[in-house]
Amino acid sequence: MKRIIVGITGGSGAIYGVRLLEALNELGAETHLIISEWGEKTIQMETSYSLNQVKKMASVYHSVKNQAASVSSGSFRVDGMVIAPCSMKTLAGVASGLASDLVTRAADVMLKEGKKLILLTRESPLNLIHVRNMETVILAGAMVFPPMPAFYNKPQTIDDIVNHTVGRVLDQFGYDPDWVKRWGSIERGPEAR
């Protein structure tokens, strides 16, 4: 069983973190959830889920203020961490090594332990500070994974768009959900032949 940390921060797109938790549950993973203060607010503003519903989706919920949580130590074995969405504030904290809360501390641990760290960065347009912070975390070993929709799979709903991105994140942990529509498996029109 894989053990994956999921962070939900204040960038728009809380549904990515929620859907990731649902998918990891379906796949039998052990999940450790951390929600920032503004992550809580975006869940309430953007989704129909209550905070309690989201917290109950996780195997373990950790308060963002609990720097003594198991996931704050490199001796606690995990397969990686996904921050979905990852606000620019959180990205800046990770890029600078400023482990001021449990989300950024757990991310820092992933980098120092050489574990997978995936950041679904949410902002547009990007300024130079954002780009430099992205460069810094990539050089440190993280994967910057903006949740940009694919259109070759002909999404019909917002759920289709969210599921595709979440499915691609799951690919990074070796999962192969059958609901991901992949390039090459999709019938293309006569102009593509």
Worksheet item: At what distance, to the nearest 0.5 angstrom, does CZ of R168 lie from CG of N163?
Response: 14.0 Å

Worksheet item: Is V169 reachable from I138 through a run of hydrophobic residues whose side-chain heavy atoms are each under 4.5 Å from the next?
Response: no

Worksheet item: Got a donor-acceptor contact below 3.5 angstrom from the D108 side chain to the L111 backbone?
Response: no

Worksheet, complete the sentence: Rounding to 0.5 Å, atoms CG (L24) and CE (M57) come to a distance of 12.0 Å

Discussion item. Can you confirm whether K89 is buried at NZ, in the sense that more than 12 heavy atoms of other residues, nucleotides or ligands lie under 6.0 Å from that atom?
Written reply: no

Worksheet item: Do the side chains of Y61 and W38 join up, straight or via other hydrophobic residues, at under 4.5 Å, putting them in one cluster?
Response: no

Item to complete: Decide if atom CD1 of I129 counts as having more than 12 heavy atoms of other residues, nucleotides or ligands within a radius under 6.0 Å.
Response: no

Fill in: Any M81 side-chain heavy atom under 4.5 Å of V103 side chain
yes

Fill in: Nearest atoms (heavy-atom pairs only) where S87 meets G11
CB-N, 3.5 Å

Worksheet entry | Minimal non-hydrogen separation, L102 against S63, with atom names | CD2-O, 3.4 Å

Worksheet item: Are V6 and V137 joined in one hydrophobic group, where the rule is that I, L, V, M, F, W and Y side chains link up if heavy atoms are under 4.5 Å apart?
Response: no

Worksheet item: So do the side chains of E26 and Y175 get within less than 4.5 Å of each other, counting heavy atoms only?
Response: no

Discussion item. In the structure I gave you, are the side-chain heavy atoms of M110 and I5 within less than 4.5 Å of one another anywhere?
Written reply: yes

Worksheet item: What distance do M134 atom CE and L91 atom CG have between them, rounded to the nearest 0.5 Å?
Response: 6.0 Å

Discussion item. Could you walk me through whether S70 and H62 satisfy the side-chain contact (heavy atoms from CB on, under 4.5 Å) test, starting with their C-alpha distance in whole Å, then the side-chain angles of each, then the deciding distance to 0.1 Å, before giving a yes or no?
Written reply: CA-CA 9 Å; S70 57; H62 301 280; 3.5 Å; yes

Practice prompt. Verify, without hydrogens or angle tests, whether N133 (side chain) and H130 (backbone) share a donor-acceptor contact under 3.5 angstrom.
Written response: no

Worksheet item: Going hydrophobic residue to hydrophobic residue with side-chain gaps under 4.5 angstrom, can you get from Y49 over to I158?
Response: yes

Worksheet item: Shortest non-hydrogen contact from I34 to V64?
Response: CG2-CA, 3.8 Å

Fill in: Parallel, tilted or perpendicular, as decided by the 30° and 60° cut-offs, for the rings of F76 and H32
perpendicular

Practice prompt. Kindly confirm or rule out a cation-pi arrangement of R19 over W179, judged by NZ or CZ under 6.0 Å from the six-membered ring centre and within 45° of its axis?
Written response: yes

Worksheet item: Given side chains that start at C-beta, do those of V166 and E22 come closer than 4.5 Å, heavy atoms only?
Response: no

Discussion item. Around atom NZ of K112, are there more than 12 heavy atoms from other residues, nucleotides or ligands closer than 6.0 Å?
Written reply: yes

Discussion item. Assess whether a salt bridge exists between R182 and D171, defined as any Lys/Arg side-chain N lying under 4.0 Å from an Asp/Glu carboxylate O.
Written reply: yes

Worksheet item: From F151 CZ over to I161 CD1, what is the distance, rounded to the nearest 0.5 angstrom?
Response: 5.5 Å

Discussion item. What I'd like to find out is whether the side chain of V82 reaches to under 4.5 Å of the side chain of F173, using heavy atoms alone.
Written reply: yes

Discussion item. Counting C-beta onward and ignoring hydrogens, is there a side-chain heavy-atom pair between L120 and P146 closer than 4.5 Å?
Written reply: no

Response to the item:
For R122 and P85 the tightest heavy-atom approach is CG-CB, 3.8 Å

Practice prompt. State whether the side chain of R105 and the backbone N or O of Q67 hold a donor-acceptor pair below 3.5 Å, judged by distance alone.
Written response: no

Discussion item. Can a donor-acceptor pair be found, under 3.5 Å and without considering hydrogens, that links the side chain of S72 to the backbone of A106?
Written reply: no

Practice prompt. Kindly say whether A14 contributes a backbone atom to a donor-acceptor pair with the side chain of E46 at under 3.5 angstrom?
Written response: yes

Item to complete: Output the distance between atom OG (S59) and atom CG (L33), rounded to the nearest 0.5 Å.
Response: 10.0 Å

Worksheet entry | Value rounded to 0.5 Å, distance of CZ in R3 from OG1 in T31 | 11.0 Å

Fill in: Minimum heavy-atom distance Q172-I118, with the two atoms named
CB-CD1, 3.5 Å

Worksheet item: Has the side chain of T90 got a donor or acceptor atom that lies under 3.5 Å from a matching backbone atom of C86?
Response: no

Discussion item. Under 4.5 Å between side-chain heavy atoms, counting indirect links through other Ile/Leu/Val/Met/Phe/Trp/Tyr residues: same cluster for L117 and V78 or not?
Written reply: yes

Practice prompt. With side-chain contact (heavy atoms from CB on, under 4.5 Å) as the test, would you mind laying out the steps for V54 and L21 before giving the verdict?
Written response: CA-CA 8 Å; V54 175; L21 281 171; 4.0 Å; yes

Practice prompt. Look only at the side chain of T165 and the backbone of V162, and say whether a donor-acceptor pair between them is shorter than 3.5 Å.
Written response: no

Discussion item. When you compare the side chain of V71 with that of V109, does any pair of heavy atoms fall below 4.5 Å?
Written reply: no

Worksheet item: Given side chains that start at C-beta, do those of L20 and L170 come closer than 4.5 Å, heavy atoms only?
Response: yes

Discussion item. Tell me whether the count of non-hydrogen atoms from other residues, nucleotides or ligands lying under 6.0 Å of CG in L139 goes above 12.
Written reply: yes

Worksheet item: Above 12 or not: heavy atoms from other molecules or residues under 6.0 Å from CE of M45?
Response: yes

Worksheet item: If every non-hydrogen atom of T121 is compared with every non-hydrogen atom of P147, which pair is closest and at what distance?
Response: O-CD, 3.3 Å

Worksheet item: Is there a side-chain contact (heavy atoms from CB on, under 4.5 Å) between V180 and H164 once you walk through the steps?
Response: CA-CA 6 Å; V180 176; H164 183 79; 4.2 Å; yes

